[in-house]
A.B. asks: 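Quick one: the structure is below, questions incoming.
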Amino acid sequence: MSLWGGRFTGKSDPLFKAFNDSLPFDYRLVHADIAGSICWASAICKAGVITAAERDALHAALRELDKVAAADGDAVARSGHEDVHSWVESNLIAKVGDLGKKLHTGRSRNDQVATDIRLWTTAQLDTLNIAVQRVQQALLALADGELNTPAGPTVIPGYTHLQRGQPVLFSHWCLAYVEMLHRDRERFADARKRAARSPLGCGALAGTAFPVDRPSLAADLQLPEACRNSLDAVSDRDFAFETMSACSLCALHLSRLAEDLILYTSSEFAFVHMDDAVTSGSSLMPQKKNPDAMELIRGKAGRIIGDLVALAVTLKGLPLAYNKDMQEDKEPLFDAVDHLLLSLNMTVPVIATLKVDRETCRTAALGDGTVLSTDLADYLVDRGMPFRTAHEVAGKAVRLALHSKTPLHKLTVAQFNAIVGEAGPTSVRIAEDIYKALTLEASLARRAAMGGTSPLRVAEALAAARVMVG
Ligand code: ARG
């Protein structure tokens, strides 16, 4: 049964019907649609449109429909109705007869669908928040394990330009992602504030003609506020865009984590090993163990950002108020949320089963010692040399180390001082204590200002992150 037959004499072209129908994808809103309808029945009862007995009969029938939909969502999707709203209304009428025909009084599918998507979105934002928290917890456990190993904290090279830069704690790397994910949770919470507003009672575009108490209807829907302008309420999809924007950033963070791990698990780095459970083999090359989970997570970021762009382009330039173009909001929104959730859930076991090769990490972190060249410059600064001059001296020491194939930290004091002398007149001298400064431990310990990678700061940061993550 269609909701709009009266003014038509001709039948829909089957091609048009298939093109126009949204039930194959918007059936996922069925629980939200029913929840909204239950609250709407209460609202029009309060407004004097239906009696309390009628409201109760509608509530009971709607609750039964909810069970039907929960039992077989696919059957709803395949039932041939135009959209989820039509499915609910037709089935309601089938259950309670003419009373079912009263439910749509003062309501439009325009305020209805906007309400449904908002209810769906707020619930999904809550689920996403928990899913992100689980990834953070896995990262915290990894950070904890690598901070407190019998041989001391695990050290890796920190990179810029993918060139070894300075040593950092592996746990510091973990906590970097915990921070990114925390901002994602903040964004989800922020998006939720604006999603949790009720358009219901705005009608098709001009507002409902019945005396509905919209703020109390909003509260009934568990939405703290009612949208203030009916034209805006039925045409606003900012909340979907904001949610997908937050999803995109979160996916982008996961893709960077994925990329780091794909690099770190390659033979070239070999810092970590991924568990058999989350990797796959090659049909041809027997030795292969591919980080597919992480590659897919990296790939899905592109798709999720694509979903965001699709919605932006759909909304751009739409005149007020509702336009059917807006039916195209749902699939990208569902897709972005679904695939981000999948990615988050997949990240947890990858992190939880990761084995870190501490020796390889340490060897790579020290390398030829040139990662300690900043520490050489800092040593000279401590003794009164201006940083720019010290940088020049350290650079020359690196050149000598590379040229003579000697690790930087193995150059002799005489070699160091010869280079210092070349920098111009100075009383600064390098002494034996340079060899204490040019160690991974000294380099790490010096980075002791807030946010740095010194073991003390990282231990504090880990403790603070535990509180923040919950
Ligand atoms: N299926 C529609 C959508 O998702 C529901 C709203 C239809 N409104 C209308 N005026 N045709 O946008």
Side-chain angles (χ1 to χ4, degrees), residues 1-8 10-37 39-40 65 69 73 76-92 103-124 195 197-209 221 227 230-241 243-244 307 310-338:
M1 192 202 84
S2 142
L3 302 180
W4 39 260
R7 68 100 65 218
F8 288 79
K11 281 185 62 167
S12 285
D13 181 329
L15 183 61
F16 169 74
K17 178 165 167 53
F19 190 65
N20 188 52
D21 286 1
S22 53
L23 188 60
F25 50 89
D26 72 13
Y27 74 94
R28 294 181 61 174
L29 297 174
V30 70
H31 300 296
D33 198 73
I34 290 173
S37 293
C39 295
W40 183 245
L65 283 183
V76 177
R78 284 186 272 99
S79 65
H81 291 280
E82 181 183 337
D83 54 25
V84 66
H85 326 294
S86 315
W87 182 86
V88 173
E89 193 168 321
S90 308
N91 282 276
L92 189 64
L103 179 64
H104 209 55
T105 313
R107 185 177 72 165
S108 157
R109 280 184 294 168
N110 298 349
D111 57 346
Q112 199 179 346
V113 73
T115 305
D116 291 2
I117 317 172
R118 282 174 182 271
L119 291 175
W120 185 88
T121 300
T122 50
Q124 295 299 314
R197 291 178 186 164
S198 166
L200 204 54
C202 284
L205 73 159
T208 187
L221 289 161
C227 302
S230 65
L231 285 170
D232 178 45
V234 293
S235 52
D236 171 19
R237 295 294 183 271
D238 294 4
F239 66 93
F241 186 86
T243 299
M244 292 160 79
D307 290 328
L311 180 67
V313 180
T314 299
L315 294 177
K316 183 200 165 293
L318 280 186
L320 291 186
Y322 178 82
N323 301 271
K324 197 59 174 263
D325 314 44
M326 290 161 74
Q327 182 164 287
E328 293 293 319
D329 59 0
K330 285 164 213 61
E331 286 170 290
L333 174 64
F334 295 163
D335 191 77
V337 171
D338 288 350

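All ligand and atom numbering here is 1-based and tracks the order in the structure. One is the number of the first residue; the rest follow in order along the sequence. Values in this document were obtained by computation on a predicted structure and should not be read as measured data.
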A.B. asks: Applying side chain to side chain donor-acceptor pair (under 3.5 Å), can you list everything that pairs with D21, at least two apart in sequence or on another chain?
C.D. replies: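 Partners of D21 by the side chain to side chain donor-acceptor pair (under 3.5 Å) criterion, ordered by chain and then number, come out as K17.
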A.B. asks: Can you produce the list of protein nitrogen or oxygen atoms under 3.5 Å from a nitrogen or oxygen of ligand 1, alongside each distance?
C.D. replies:
residue: ligand 1; atom: 1 (N); partner: S22; partner atom: OG; Å: 3.0
residue: ligand 1; atom: 1 (N); partner: D83; partner atom: OD2; Å: 3.4
residue: ligand 1; atom: 1 (N); partner: Q327; partner atom: OE1; Å: 2.7
residue: ligand 1; atom: 4 (O); partner: K330; partner atom: NZ; Å: 2.5
residue: ligand 1; atom: 8 (N); partner: N110; partner atom: OD1; Å: 2.9
residue: ligand 1; atom: 10 (N); partner: N110; partner atom: OD1; Å: 3.1
residue: ligand 1; atom: 12 (O); partner: Y322; partner atom: OH; Å: 2.3

A.B. asks: Are R109 and E82 close enough for a salt bridge, meaning some N to O gap below 4.0 Å?
C.D. replies: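 So R109 pairs with E82 through a salt bridge.
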A.B. asks: Go through the structure and list residues passing side chain to side chain donor-acceptor pair (under 3.5 Å) with K324, not counting sequence neighbours.
C.D. replies: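 Only N20 meet the side chain to side chain donor-acceptor pair (under 3.5 Å) criterion with K324.
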A.B. asks: Which heavy atom in G203 sits nearest to a heavy atom in D111, and how many Å separate them?
C.D. replies: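 Scanning both residues, the minimum pair turns out to be N-OD2, 2.9 Å.
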A.B. asks: How would you list, by chain and number, every residue that makes a side chain to side chain donor-acceptor pair (under 3.5 Å) with S198, sequence neighbours excluded?
C.D. replies: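 S198: no side chain to side chain donor-acceptor pair (under 3.5 Å) contacts found.
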A.B. asks: When you measure from the centre of the six-membered ring of F239, is the NZ or CZ of R197 under 6.0 Å away and within 45° of the axis?
C.D. replies: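 No, a cation-pi geometry is absent between R197 and F239.
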